[in-house]
Amino acid sequence: EHTAKVCQAFGMRTLGISRTPRKLEGFDAIYPREQLLEAAAQADFLLALVPYTKENHKIVNAAVFDAMKPTAYLINIARGGVVDEAALMQALRDGKIAGAGLDVFEEAPLPPAHPLWDMDNVFITPFIGGRSDRYEESIMSIIKPNLQAFLAGREDEMINRVTL
């Protein structure tokens, strides 16, 4: 949601994909997952920002690249397995999309001889897409209250608690 709000501040129209479509602040529209191709066809920038799960394995694939505009860009700051890299490289070579910004890969770190390094329409960052100059401040705003709640035996008050 934060990323969508930032994009809107720059005048971008923001579309989202969700298993549970609902109104979310910062998004002009939310599409059900079944309409991924329809949403991808509208995108100038397709931002992959989902967890890596069995359901999301290579969710950004050849069909998605075929649906995208030839002037569109993929930005992957999710997890490597979310994007089918072979399909991505083919789409880039064939001009089906204009380029890609990649922070994560199927194999990490990206091997020195990997073809993505030599593609002029690919921008690679070193797994820092989520970093900022306020990273420590942001993470401490979660760690400190969580540690206090845990030590006080109030685990139900913890922020961003994950139950496996």
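Scope of the values below: all heavy atoms of this structure, side chains included, with no hydrogens, waters or symmetry mates.
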Pairs meeting criterion salt bridge (charged side-chain N to carboxylate O under 4.0 Å, His left out) with involvement of residues 12-27, two or more places apart: Lys5-Glu25
If I compare all heavy atoms of [X] with all of [Y], which pair ends up nearest, and what's the gap?
X	Y	answer
Val6	Phe10	O-CD1, 3.2 Å
Pro21	Pro32	CG-CA, 3.5 Å
Ala78	Val50	CB-O, 3.2 Å
Ala72	Ala43	CB-O, 3.3 Å
Phe123	Thr125	CE2-CG2, 3.3 Å
Pro145	Ile159	CG-CD1, 3.7 Å

Are the side chains of [X] and [Y] in touch, meaning some heavy atoms are under 4.5 Å apart?
X	Y	answer
Asn56	Pro51	yes
Leu102	Leu88	yes
Met89	Pro115	yes

N/O donor-acceptor pair under 3.5 Å between Thr14 side chain and Gly26 backbone: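 At least one qualifying donor-acceptor pair exists.
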Check: Asp84 side chain, Ala87 main-chain N or O, donor-acceptor pair, under 3.5 Å: yes
Which value, rounded to the nearest 0.5 Å, describes the distance between [X] atom [atom1] and [Y] atom [atom2]?
X	Y	atom1	atom2	result
Met119	Leu92	CE	CG	4.5 Å
Leu49	Arg79	CG	CZ	9.5 Å
Leu15	Leu47	CG	CG	12.0 Å

Verdict with reasoning, Val64 to Leu46, per side-chain contact (heavy atoms from CB on, under 4.5 Å): CA-CA 10 Å; Val64 173; Leu46 179 64; 3.7 Å; yes
Residues two or more places apart in sequence or in another chain: which of them pass side-chain contact (heavy atoms from CB on, under 4.5 Å) with [X]?
X	result
Ala63	Leu37, Asn61
Asp44	Lys69
Ser141	none

Set of ring-ring contact (aromatic ring centres under 6.0 Å, His included) partners for His57, sequence neighbours left out: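 Only Tyr52 meet the ring-ring contact (aromatic ring centres under 6.0 Å, His included) criterion with His57.
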Worked verdict on Arg93 versus Asn121 for side-chain hydrogen bond (donor to acceptor under 3.5 Å, both in side chains): CA-CA 9 Å; Arg93 283 188 208 104; Asn121 51 355; over 6 Å; no
Taking only distance into account, with no hydrogens and no angle test, what donor-acceptor pairs under 3.5 Å do side-chain atoms of residues 106-114 form with protein atoms, sequence neighbours excluded?
| unit_1 | atom_1 | unit_2 | atom_2 | d |
| --- | --- | --- | --- | --- |
| Glu106 | OE2 | Glu85 | N | 3.0 |
| His114 | ND1 | Leu116 | N | 3.1 |

Does [X] have any salt bridge (Lys or Arg N to Asp or Glu O under 4.0 Å) partners at least two apart in sequence or in another chain, and if so, which?
X	value
Glu38	none
Asp28	none
Asp66	Lys96

Residues in side chain to side chain donor-acceptor pair (under 3.5 Å) contact with Asn146, at least two apart in sequence or another chain: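 Expected list: none.
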Shared hydrophobic cluster, Val82 / Leu36 (ILVMFWY, side-chain heavy atoms < 4.5 Å):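 Yes; Leu36 is reachable from Val82 via cluster members.
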Hphob cluster co-occupancy, Trp117 + Phe105, side-chain heavy atoms under 4.5 angstrom: yes
side-chain contact (heavy atoms from CB on, under 4.5 Å) between Asp103 and Asn76, intermediate numbers included: CA-CA 6 Å; Asp103 191 55; Asn76 185 12; over 6 Å; no
For Met158, the rest of its hydrophobic cluster, which grows through side-chain links under 4.5 angstrom: Leu147, Phe150, Leu151
Pairs where residues 11-47 contributes a residue and the test ring-ring contact (aromatic ring centres under 6.0 Å, His included) is met, not counting sequence neighbours: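 Every ring-ring contact (aromatic ring centres under 6.0 Å, His included) pair that includes a residue of residues 11-47, provided the two are not neighbours, is Phe45-Tyr73.
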